[in-house]
Amino acid sequence: NAAPTITASAGATRCSTGTLTLSATPSAGAAIDWYAASSGGSALATGSNSYVTPSISSTTAYYAQSRNTSTGCTSIARTTVTATVTVPSISSFTPVNAGTGATVIITGTSFTGASTVSFGGTAATSFTVNSATQITAVVGAGSTGNVSVTTSCGTGTRSGFTYYATPTITSFTPSSGYIGNTITIT
């Protein structure tokens, strides 16, 4: 007898923390067992073409294995079935110190559809979603604190941003001078 196979599988996607229902279809005369690892380990569920994940807050891989219900023989390899959580996540941003008008590149995941970018709780002057993994933002009249990206699926934050205020010159004296003269700027 040939080893049982998986003829189809489908992951699932959600916007926020919670459960997802994954599915896999076995070859005739077989059932699906679900695992948390690509090999070894105990089954999370047995004999079911679908699996409801526990509540998860980040993308997680699960593995389906086809098992012949008569002989107990299993498929040669497990099939990866992915439970995707699309909450934005910031892995880095550069520069980490910036002032009003500076451009900051934010790197992470799930940025598609971003509606708000902020620095220390102050909205960016403007931003462009370059891809699902990168945003270019212009610092507004910011504050030191977290960099945040918000989509319809939630908000991702990363600490470590320092806002440098642009200095303002209110006066200087004298109003003219020669090389070597002292000028007082306030």
Side-chain angles (χ1 to χ4, degrees), residues 1-94 96 104-118 121 124 127-137 145-161:
N1 287 344
T5 60
I6 293 177
T7 60
S9 65
T13 300
R14 70 173 295 129
C15 267
S16 58
T17 299
T19 64
L20 292 136
T21 301
L22 311 177
S23 65
T25 305
S27 54
I32 299 293
D33 297 332
W34 294 91
Y35 294 86
S38 60
S39 64
S42 299
L44 300 170
T46 59
S48 178
N49 289 7
S50 64
Y51 173 67
V52 178
T53 70
S55 182
I56 58 174
S57 60
S58 61
T59 298
T60 305
Y62 292 91
Y63 302 88
Q65 186 167 38
S66 184
R67 177 181 38 82
N68 183 302
T69 56
S70 297
T71 66
C73 291
T74 60
S75 53
I76 295 168
R78 293 179 183 166
T79 298
T80 304
V81 185
T82 305
T84 304
V85 180
T86 59
V87 174
S89 174
I90 299 171
S91 56
S92 66
F93 54 88
T94 186
V96 296
V104 176
I105 304 296
I106 304 167
T107 304
T109 59
S110 301
F111 292 160
T112 302
S115 57
T116 306
V117 173
S118 66
F127 66 91
T128 301
V129 179
N130 303 322
S131 69
T133 61
Q134 186 183 71
I135 291 176
T136 301
N146 293 335
V147 173
S148 299
V149 173
T150 301
T151 70
S152 60
C153 293
T155 300
T157 62
R158 184 157 190 98
S159 62
F161 178 75

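The shown structure was predicted, so the numbers you read here are calculated from the model rather than taken from an experiment. Note that the numbering runs from 1 along the sequence shown for the chain. The figures that follow rest on heavy atoms only: side chains count, while hydrogens, waters and symmetry mates do not.
For the pair Thr86/Arg14, no side-chain contact is recorded, criterion being any heavy-atom separation below 4.5 Å from C-beta on. The shortest distance between side-chain heavy atoms of Thr82 and Thr60 does not fall below 4.5 Å. Between Thr128 and Ile135 the shortest side-chain heavy-atom distance does not fall below 4.5 Å. Residues Thr53 and Leu22 form a side-chain contact, since some pair of their non-hydrogen atoms from C-beta on lies under 4.5 Å apart. Using a 4.5 Å cut-off on side-chain heavy atoms (C-beta onward), Leu20 and Ile56 make contact. Thr94 is not listed as a side-chain neighbour of Val104, based on a closest heavy-atom distance of 4.5 Å or more. Here the side chains of Ser75 and Thr5 are not in contact, with every heavy-atom distance at 4.5 Å or above. Residues Phe93 and Phe161 meet the side-chain proximity criterion, which asks for heavy atoms closer than 4.5 Å.
Counting only distance, with no hydrogens or angles, the side chain of Arg158 and the backbone of Val147 share no donor-acceptor pair below 3.5 Å. With hydrogens and angles ignored, the 3.5 Å screen pairs no side-chain donor or acceptor of Thr69 with any backbone N or O of Ala30.
Considering every non-hydrogen atom in both Ile6 and Ala24, the closest pair reads CG2-CB, 4.2 Å. Val52 and Thr21 make their closest contact through CG2-OG1, 3.6 Å (heavy atoms, listed as atom of the first residue, atom of the second, distance). Summarising the geometry of Phe111 relative to Ile106, their closest heavy-atom pair is CE1-O, 3.7 Å, with the distance given to 0.1 Å. Of all heavy-atom pairs between Ser110 and Thr151, the closest is O-CG2, 3.7 Å. Shown here for Val81 and Ser9, the closest heavy-atom pair between the two residues is CG2-CB, 3.9 Å. Considering all non-hydrogen atoms of both residues, Pro4 and Asn68 come closest at CG-N, 3.6 Å.
For Asn130 and Thr136, the side-chain atoms include at least one donor-acceptor pair closer than 3.5 Å. Using a 3.5 Å distance cut-off with no hydrogens or angles, the side chains of Thr17 and Ser57 do not pair a donor with an acceptor.
In this structure, the separation between CG on Asp33 and OG on Ser48 is 9.5 Å, given to the nearest 0.5 Å. To the nearest 0.5 Å, atom CH2 of residue Trp34 and atom CG of residue Leu44 are 10.0 Å apart. Here the straight-line distance linking atom CD of Gln134 with atom OG1 of Thr107 works out to 5.5 Å at 0.5 Å rounding.
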Could you walk me through whether Ile32 and Gln65 satisfy the side-chain contact (heavy atoms from CB on, under 4.5 Å) test, starting with their C-alpha distance in whole Å, then the side-chain angles of each, then the deciding distance to 0.1 Å, before giving a yes or no? CA-CA 6 Å; Ile32 299 293; Gln65 186 167 38; over 6 Å; no
Chi angles and distances behind the side chain to side chain donor-acceptor pair (under 3.5 Å) call for Thr150, Thr155: CA-CA 4 Å; Thr150 301; Thr155 300; 2.9 Å; yes
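Relative orientation of the Tyr51 and Tyr62 rings is tilted, given thresholds of 30° and 60° on the angle between their planes.
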